[in-house]
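Contents: one structure, followed by commentary.
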Amino acid sequence: MLLDVRDLKVRFHTLRGIVRAVDGVSFSVNYGEVLGLVGETGSGKTVTGLTIMRLLDENAEIAGGEVIFEGKDLLKLPMSEILKIRGRDISMIFQEPKAALNPVIQVGDQVAEAFLAHESMSKEEARERVLDMFRKVGLPDPERIYRSYPHELSGGMAQRIVISMALALRPKLMIADEPTSALDVTIQAQIMNLFRELIREFNTSVIYITHDLALAAEISDRIAVMYAGRIVEVARTEELFENPLHPYTVGLLRSIPGSKSSGSRLFSMEGEIPSLLNPPPGCLFHPRCPKRMDICDKEVPNLLNVGNDHLVSCFLYGR
Ligand SMILES: Nc1ncnc2c1ncn2[C@@H]1O[C@H](COP(=O)(O)OP(=O)(O)OP(=O)(O)O)[C@@H](O)[C@H]1O
Ligand code: NI
């Protein structure tokens with residue numbers, strides 16, 4: 001196992017109170033595996049990714065848990081060690097590629113910097129490696145792109161640059177946070193295909209973060225569904241689609257147009273994610289749940305393996 005996140009709890013201290021953004025999250029990522037992390041806006045996906053990278057804001061508090069990466073707890077390592085791991089062993093890409101690039105440095109030099117920061121080589125060697133990467137990610141005329149500044153590139157090209165930078169050192173784990181959602185639909189599909197090819201070629205494990213369950217299914221071996229800072233269900237992708245167990249997952253699947261379980265009308269789930277400042281007791285989904293029982297607003301269900309490596313946190317299937 002490459003990464004094992006155990007009972008992670010992250011809170012933010014704000015003027016309005018304490019926000020329980022991640023509340024007891026556990027999941028693992030195997031070598032070469034793509035894990036989709038799916039959930040509505042505000043469910044804690046990005047915070048989970050940032051915690052693994054140790055990139056949380058100042059007002060964040062890690063209130064518990066472990067992030068075991070190749071046997072070491074990243075939450076306990078000194079920042080000097082984390083800086084070595086970042087980029088080399090774990091990299092992260094975000095929705096807005098241009099925000100990840102420095103506007104006043106030629107993009108080629110920025111990617112070269114990633115090589116030079118972690119491996120000893122000459123500037124000329126780094127430049128050659130960058131041009132190789134640019135060819136790999138399908139950028140036309142790599143020599144010209146090398147000398148470009150971010151504002152001269154389209155969103156799709158900028159995301160290709162960012163992907164080449166993130167994969168340059170062949171990291172073991174890549175955290176991709178909605179990497180295509182800021183792009184046009186046709187570009188989105190191209191970037192997804194590229195991404196799929198590269199992670200296979202490089203054998204990189206990926207945490208693929210998205211609010212879009214259908215998109216997650218295209219790329220993920222397994223999917224973890226988050227709701228209000230907790231994981232409610234984890235299963236292999238086909239298993240999740242054929243046999244969704246948690247009422248929230250069932251609702252999410254119904255809201256995918258054309259999916260097996262969607263009816264003739266587009267389903268949209270009633271209600272909203274509960275406040276993370278003042279969450280309700282029990283299962284956080286109970287206020288919206290069509291299958292709610294007496295116990296659901298009193299106790300929190302455990303994430304249980306119900307067989308077939310299918311985990312679910314719901315009293316319909318056990319405590
Ligand atoms: N610096 C912060 N201070 C206070 N609250 C924060 C901070 N960062 C995140 N949060 C809160 O933590 C919760 C989880 O946010 P997160 O960004 O992880 O959600 P997400 O699942 O990635 O959603 P989205 O799909 O919109 O990106 C939200 O309620 C958010 O408002
Ligand atoms: Ni997010």
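Taking CE from Met133 and CD1 from Ile161, the interatomic distance works out to 10.5 Å, rounded to the nearest 0.5 Å. In this structure, NE2 on His211 lies 11.0 Å from CG on Leu252, to the nearest 0.5 angstrom.
In summary, the side chains of Asp4 and Ser28 do not present any donor paired with an acceptor at a separation below 3.5 Å, with no hydrogens or angles considered.
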Given the rule in the side-chain contact (heavy atoms from CB on, under 4.5 Å) test, do Leu50 and Met92 qualify, once you have shown the distances and angles that lead to the verdict? CA-CA 9 Å; Leu50 293 175; Met92 186 159 179; 4.0 Å; yes
Does the side-chain hydrogen bond (donor to acceptor under 3.5 Å, both in side chains) test come out yes or no for Thr249 and Glu233, once each step is laid out? CA-CA 8 Å; Thr249 313; Glu233 185 160 7; 2.7 Å; yes
Full working for ring-ring contact (aromatic ring centres under 6.0 Å, His included) between His246 and Tyr227: CA-CA 11 Å; His246 199 285; Tyr227 185 78; 7.7 Å; no
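Taking the six-membered ring for Trp and thresholds of 30 and 60 degrees, His151 and Tyr149 have nearly parallel ring planes, at less than 30 degrees apart. A tilted orientation is assigned to the rings of Phe134 and Tyr146, their planes being inclined by 30° to 60°.
Between Leu74 and Ile90 the shortest side-chain heavy-atom distance falls below 4.5 Å. With a 4.5 Å cut-off on side-chain heavy atoms, Ile219 and Ile199 count as touching.
Hydrophobic clustering of Ile, Leu, Val, Met, Phe, Trp and Tyr side chains at less than 4.5 Å, counting indirect connections, unites Leu55 with Val47.
Remark: Lys84 engages Glu81 in a salt bridge, criterion side-chain N to carboxylate O under 4.0 Å. No salt bridge links Arg288 with Glu272; every basic N to acidic carboxylate O contact stays at or beyond 4.0 Å. Comment: Lys9 does not engage Asp23 in a salt bridge, judged by the lack of any side-chain N to carboxylate O separation of less than 4.0 angstrom. In this structure, Glu152 does not pair ionically with Arg144, as no charged nitrogen and carboxylate oxygen lie closer than 4.0 Å. Between Asp132 and Arg135 a salt bridge is recorded (basic side-chain N to carboxylate O distance below 4.0 Å).
Across Asp73 and Glu66, no two heavy atoms sit closer than the pair OD2-CG, 3.5 Å.
Heavy atoms of other residues, nucleotides or ligands lying less than 6.0 angstrom from CG of Asp309 number 12 at most.
Applying the salt bridge (charged side-chain N to carboxylate O under 4.0 Å, His left out) rule to Arg16 yields no partners; only residues at least two apart in sequence or on another chain are considered.
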